[in-house]
Protein chains: 2
Amino acid sequence: MRDPDTFESQQTLLVVDDEQDILDLVSTNLRRVGFTVVTASDGIEALEVAQKMKPDLIVLDLMLPGKDGFAVIKELRQDSKMRRIPVLMLTAKGEVSDKIAGLEIGADDYLTKPFSPRELTLRIRAILKRSSHVLSESSLEKENFRIERDSMRFYLKGKQIDLTSTEFKLLRLLLEADDRVQEREHLLREVWGYNDSTMTRTLDTHVKRLREKLGDFADCIQTVRGVGYRFSAR
Amino acid sequence: MRDPDTFESQQTLLVVDDEQDILDLVSTNLRRVGFTVVTASDGIEALEVAQKMKPDLIVLDLMLPGKDGFAVIKELRQDSKMRRIPVLMLTAKGEVSDKIAGLEIGADDYLTKPFSPRELTLRIRAILKRSSHVLSESSLEKENFRIERDSMRFYLKGKQIDLTSTEFKLLRLLLEADDRVQEREHLLREVWGYNDSTMTRTLDTHVKRLREKLGDFADCIQTVRGVGYRFSAR
DNA sequence: ACCGATTGTGACAATATTGTGACGGAACTT
DNA sequence: AAGTTCCGTCACAATATTGTCACAATCGGT
């Protein structure tokens, strides 16, 4: 009898690294624990494969010939089809800067080389669990909040509340972020498509409107001054 | 059959000493227990090799021709790529001064000659274990302190404490440094982006504000006169 | 014990950031 | 066409954060 946790529809991982031995090592290990693994050895290839295969997760080395990990993530996040694919970033020792530590680059997690295969699979499982829960189901429920992605409806304490489409997008992002701070720039990019991040106050205004509609729960949208907003359900 | 946890991409050590026999002894021993070892016999060479190889740890003799161990560490800590590489300092009997004892020089540990190979590998393992864990997880817990990088929340004895973003950055750096002294210049560069390190007292002020918020635990932020600050949790 | 350098401290002013209400235009409905 | 909804901007208010300064306290060295 199989452990129910491993009894999952096979999940596909894309592993991207330019060092062949690491690629081999990682993929054999991941296959051994039940994943389907495809590989790529540079950024361009990675993007192509990602587009074609729609992997459930990408393991991405930061240092790549041609297009580095940052660039790959950036393009990934700009494509609506691939935006949701979680990324686990691999970094060499010296590359660990604050940017990475803060996960400001858009990766979902990162791992410093050298790492043990066990650690890698643990991380992958954690991300997949989190994101399958959060992202793939059509409705997302959290405490008193509930969002139905398909119908674009929002419920607070079971009661439906009308949101405009922008409000909905914004609240959805905040909810999906699950207590992580979402930077202003990020929200502006995701909801409005603003890439320049210049002066606009529309985010503030919409947050205000959302808070109004949340009533007693207005404080669930917390502002992190100088950074962005964070949603903490209750 | 190998233990899966030891099945990791090989870790590289850089051993620096000007005495050839010690170099040989140490490296053969370290290779025997599974490390990749590269060597250098003076400070200049050490820095070059470190830059090129990005070793996972440097074993550094204090007494070196040309540039001594202190100088090497100092330069190391100034380079953003190499800043995080842990250093194990080797010292001869008489050289153990207060500076070394307090590890105020930026080393992660030190060992007095003569030492047994076994002791050396134990120390190395300890340092590597410590430093690989500190940065790789999204939340960092240490005694009564806990920092969640994603949500930018800080907890003391389980209770959440509000920090401004600057305070958060500062505390995070101190916590991540894990008992190592962080030089003023370094903190100013990392948190504020100041490169000139001229006269500003804002670091002092922020440390004070942090201490206020830490209450009883204010003394965990220790000042090292003329050098910087050190965080030692309890 | 004294001196100079360094750090702690409290107050303050400047600045940066966000909240808020109102407004006008655009898009959509009726 | 009139009414409605939604959206982004603006001006202004309300806050929160930050850096500096003057002065006190402390430390290290002699």
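A quick note: this is a predicted structure, and the numbers were derived from the prediction, not measured. First the proteins, then the strands, lettered A, B, ... as listed; each starts at 1.
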Checking the side chain of [X] only, and the main-chain atoms of [Y] only, is there a donor and an acceptor separated by less than 3.5 Å?
{"X": "Lys213(A)", "Y": "Asp162(A)", "value": "yes"}
{"X": "Glu75(A)", "Y": "Val72(A)", "value": "no"}
{"X": "Asp56(A)", "Y": "Thr12(A)", "value": "yes"}
{"X": "Arg184(B)", "Y": "Val227(B)", "value": "no"}
{"X": "Arg149(A)", "Y": "Leu140(A)", "value": "no"}

### Message
If you compare every side-chain N and O of Lys208(B) against the phosphate oxygens of dT7(C) (OP1, OP2), does one of them come in below 4.0 Å?
### Response
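The answer is no; no side-chain N or O of Lys208(B) sits under 4.0 Å from OP1 or OP2.
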### Message
Just N and O in the side chain of Tyr229(A): are any of them under 4.0 Å from OP1 or OP2 of dT17(C)?
### Response
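Tyr229(A) to dT17(C) OP1/OP2: no side-chain N or O under 4.0 Å.
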Specify the separation, in whole Å, of atom [atom1] of [X] and atom [atom2] of [N].
{"X": "Asp162(B)", "N": "dA16(D)", "atom1": "CG", "atom2": "C1'", "answer": "12 Å"}
{"X": "Glu212(B)", "N": "dT18(D)", "atom1": "CD", "atom2": "P", "answer": "14 Å"}
{"X": "Asp219(A)", "N": "dT18(C)", "atom1": "CG", "atom2": "C1'", "answer": "17 Å"}
{"X": "Asp204(B)", "N": "dC21(D)", "atom1": "CG", "atom2": "C1'", "answer": "13 Å"}
{"X": "Leu210(B)", "N": "dG8(C)", "atom1": "CG", "atom2": "P", "answer": "12 Å"}
{"X": "Leu188(A)", "N": "dT18(C)", "atom1": "CG", "atom2": "C1'", "answer": "14 Å"}
{"X": "Lys169(B)", "N": "dG19(D)", "atom1": "NZ", "atom2": "C1'", "answer": "15 Å"}
{"X": "Phe168(B)", "N": "dT17(D)", "atom1": "CZ", "atom2": "P", "answer": "14 Å"}

Taking side chain to side chain contact (heavy atoms under 4.5 Å, CB included) as the test, write out the residues that go with [X], two or more places apart.
{"X": "Ile44(A)", "answer": "Asp42(A), Glu48(A), Lys67(A)"}
{"X": "Glu143(A)", "answer": "Ala233(A)"}
{"X": "Glu212(A)", "answer": "Lys208(A)"}

#### Entry: Sequence neighbours excluded, every pair satisfying salt bridge (Lys or Arg N to Asp or Glu O under 4.0 Å) that has a member inside residues 216-234 of chain A
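Every pair satisfying salt bridge (Lys or Arg N to Asp or Glu O under 4.0 Å) with a residue in residues 216-234 of chain A: Asp219(A)-Arg234(A).
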### Val207(B) vs Val227(A), nearer the 5' end of DNA chain C by closest nucleotide
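Nearer the 5' end of the strand: Val207(B).
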### Message
To the nearest 10°, give me the bend of the helix from dA1(C)-dT30(D) to dT30(C)-dA1(D), comparing the axes of its five terminal pairs at either end.
### Response
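Axis angle across the helix from dA1(C)-dT30(D) to dT30(C)-dA1(D), nearest 10°: 30°.
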Please identify each residue that fulfils side-chain hydrogen bond (donor to acceptor under 3.5 Å, both in side chains) with [X], with sequence neighbours left out.
{"X": "Arg123(B)", "value": "Asp109(B), Glu119(B)"}
{"X": "Gln51(B)", "value": "Asp79(B)"}
{"X": "His206(A)", "value": "none"}

### Message
Using a 4.0 Å heavy-atom cut-off to protein, can you give one letter per nucleotide of nucleotides 5-11 of chain D, 5' to 3': B if the base is in contact, S if only the sugar-phosphate is, - if neither?
### Response
-SBBB-B
Show each protein N/O and nucleotides 26-30 of chain D N/O combination with a separation under 3.5 Å, one pair to a line.
{"unit_1": "dT26(D)", "atom_1": "O2", "unit_2": "Arg225(B)", "atom_2": "NH2", "d": "2.7"}
{"unit_1": "dC27(D)", "atom_1": "O4'", "unit_2": "Arg225(B)", "atom_2": "NE", "d": "3.3"}
{"unit_1": "dC27(D)", "atom_1": "O2", "unit_2": "Arg225(B)", "atom_2": "NH1", "d": "3.4"}

Polar-atom pairs under 3.5 Å, protein N or O versus N or O of nucleotides 27-30 of chain C: list them with distances, or write none.
none

### Partner residues of Tyr155(B) under the ring pair (Phe, Tyr, Trp, His ring centres under 6.0 Å) criterion, sequence neighbours left out
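So Tyr155(B) forms no ring pair (Phe, Tyr, Trp, His ring centres under 6.0 Å) with any residue.
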### Whether Phe145(B) and Phe154(B) hold their rings parallel, tilted or perpendicular, with breakpoints at 30° and 60°
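Ring orientation, 0 to 90° scale: parallel.
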